[in-house]
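Beneath this line is the structure, given in structure tokens, with notes to follow.
Note on naming: letters A, B, ... go to the chains in the order of the sequence lines (proteins, then strands), and numbering restarts at 1 for each one.
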Protein chains: 2
Amino acid sequence: MAGRSDEPQVIWARPERTGRGPRPAYSRADIAAAAVRIADADGMDAVSMRRVAAEIGCGTMSLYNYVPRKVDLYELMVDHVSGEYDLSRPPSGDWRADMTYLAHQARAIMRRHPWVVRIMSSVHGISPNALRCLDWCLAALEGLDVPPGTKLELFGMVNGSVMTFVANEQAVAERGRSAPWSAEREQAVRGAYLAGQVATGAYPHLAALFAEGVAPEGDADATFDRMLRRLLDSFAPK
Amino acid sequence: MAGRSDEPQVIWARPERTGRGPRPAYSRADIAAAAVRIADADGMDAVSMRRVAAEIGCGTMSLYNYVPRKVDLYELMVDHVSGEYDLSRPPSGDWRADMTYLAHQARAIMRRHPWVVRIMSSVHGISPNALRCLDWCLAALEGLDVPPGTKLELFGMVNGSVMTFVANEQAVAERGRSAPWSAEREQAVRGAYLAGQVATGAYPHLAALFAEGVAPEGDADATFDRMLRRLLDSFAPK
DNA sequence: GACTACTACGTACGCTGTACTTAGTGAAGG
DNA sequence: CCTTCACTAAGTACAGCGTACGTAGTAGTC
């Protein structure tokens, strides 16, 4: 019977193996890896239960023995790529540097697996690799003299801000990719629309910004670091 | 023919009425209102093209004359609720207070329409009401002496952070709602799982946090304001 | 009045998540 | 050792999705 209703809702609270009956043919790691492979190759929309089952080589419904619901598959996927954090070296003692190190890795992971940002919000954040990451973070913040709750807030805000930032980056990058014509053409249409709206006079301050020639916003990496530095400073103003 | 491929990808760049042919029977506002009504009542998953079409009283495929793709419906929905921002009074002159005012409204809107956070990331942010909001924000930031690009960054970070915060709030609230048993039971299972993981000794610093008795995190409103204050301070440290 | 862009609508296709059923397997308890 | 039964594996089926496409009718433009 698939998806028993007296099971915990969180997949991590389910033991992977109960010890009774035949040995499961696949591991959670196998399944996660397969799903990640599909998402990397063909995008998140290509990740269906059927497709993942086919990828690991079992029947569609057999997959439900391992993954009771689709969202649990998301859990596995996010945990799997969270394993890409390199936390082998212990924190340096400079918590700002350590948090920056962590944030840069988070951004790198999200760039390597763009689909992560789409499913991250539906994930519980208590998967093994999430806890591993949190623990390293707490170690890094040992020297920071703030209440424990604030450390969790810091962790959450850094993660959230990185996600928001990358989501914006992706949105900008995506703008044209799906256009039937070239990206430039679509960008031009957007620009023309915006210019038209501004020209109506309904948005005077936005018009002023445009007239002033809004900054070319420079390097994305620089903007990212600036954002991050601001955020960290806000927790311990010097 | 529905969904012509030589049309702009952004619905806002499409005129609502071209002047040729029969007068459209419905307006974008009608459609947006209908979709919002459904989402408010039965959740985002209930918002399908069929259901929206039925709600406004037309055939399913007729809706595609107004809304070429599903994501465009999202645009209409987000713009519609963005109309709930009260920007009737001009900015006060105190940009921190004004941004706080804006952020509180954003949070209120997302609490009134929980589904917004799920679709907000797939939206372009150049809808009429988004521009109206941005313009008010720019007016509020007139007194802040930073480059124009930084003002846009501030707007983006505030919006993004509010979204992240509310998404977390919702995730916590949702944790138990979908459980077959009571929310407490599920919470207990989660807690037991976490305790078990911590007890393995794999997460020493997390264990220390638990042992120390992690702060009960107090009022969510207070946490929100603290987060916001930090963010604003990070743009203009006093 | 002819033309033509537009609205309106129904049918149909391929896909989704997953409830339910049946059969077989192998470790645990007596 | 043998019975028991929780477990794995798989297939079938269903309700619903987004939307491509074709057809018919309508109302502004030349």
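Each end of the helix from C:dG1-D:dC30 to C:dG30-D:dC1 gets its own axis from five base pairs, and the two axes differ in direction by 10°, given to 10 degrees.
If you check residues 49-58 of chain A against DNA chain D, the residues with a heavy atom closer than 4.0 Å are A:R50, A:C58, listed by number.
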- Message: Assess the residue pair B:D40 and B:W115 against the criterion (side chain to side chain donor-acceptor pair (under 3.5 Å)); give the C-alpha distance rounded to whole Å, side-chain angles, the decisive distance to 0.1 Å, and a yes or no.
- Response: CA-CA 8 Å; B:D40 282 344; B:W115 44 267; 2.8 Å; yes
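Distance CE (B:M61) to C1' (D:dA20): 7 Å, rounded to an integer number of Å. The interatomic distance linking B:L63 (CG) with C:dC6 (P) rounds to 18 Å, in whole Å. Whole-Å rounding puts the A:Y26 OH to D:dA9 P distance at 7 Å. Rounded to an integer number of Å, the gap from CD of B:E16 to C1' of C:dT7 is 14 Å. Straight-line distance from the OH atom of B:Y74 to the C1' atom of D:dC17: 11 Å, rounded to whole Å. The CE atom of A:M44 sits 13 Å away from the C1' atom of C:dG17 (whole-angstrom rounding). For the pair B:Y64 OH and D:dC21 C1', the interatomic distance rounds to 13 Å; values are reported in whole Å. If you take CG of B:D45 and P of C:dT16, they are 17 Å apart, rounded to a whole angstrom.
Minimum interatomic distance between A:I56 and A:Y26 (heavy atoms only, all atoms of both residues): O-CE2, 3.5 Å. Across all their heavy atoms, B:L228 and B:A103 have their closest contact at CD2-CB, 3.6 Å.
Contact annotation for B:Y66: backbone-only contact, meaning every heavy-atom pair under 4.0 Å involves sugar-phosphate atoms and none involves a base. Within the 4.0 angstrom heavy-atom criterion, only backbone atoms of the sugar-phosphate kind lie near A:S48; the bases stay farther away.
Comparing B:P22 and B:K70 by the nucleotide of DNA chain D that holds the closest heavy atom to each, the one mapping nearer the 5' end is B:K70.
Using cut-offs of 30° and 60° for the angle between ring planes, the A:F165 and A:F224 rings count as perpendicular.
No salt bridge links B:R14 with B:D72; every basic N to acidic carboxylate O contact stays at or beyond 4.0 Å. Between B:D135 and B:R132, no side-chain nitrogen of the basic residue sits less than 4.0 Å from a carboxylate oxygen of the acidic one, so the salt-bridge criterion is not met.
In the model, A:S127 has a side-chain atom that pairs as donor or acceptor with a side-chain atom of A:D79 under 3.5 Å.
One finds no side-chain N or O of B:S62 lying less than 4.0 angstrom from the OP1 or OP2 phosphate oxygen of C:dT7.
Candidate nucleotides D:dA9, C:dG10, C:dT7 were compared by shortest atom distance to the side chain of A:N65, and D:dA9 ranks first.
For residues 53-63 of chain A, the pairs satisfying side chain to side chain donor-acceptor pair (under 3.5 Å) are A:R37-A:E55, with sequence neighbours left out.
Of the possible polar contacts, one joining the A:E16 side chain to the A:R28 backbone as a donor-acceptor pair under 3.5 Å is found.
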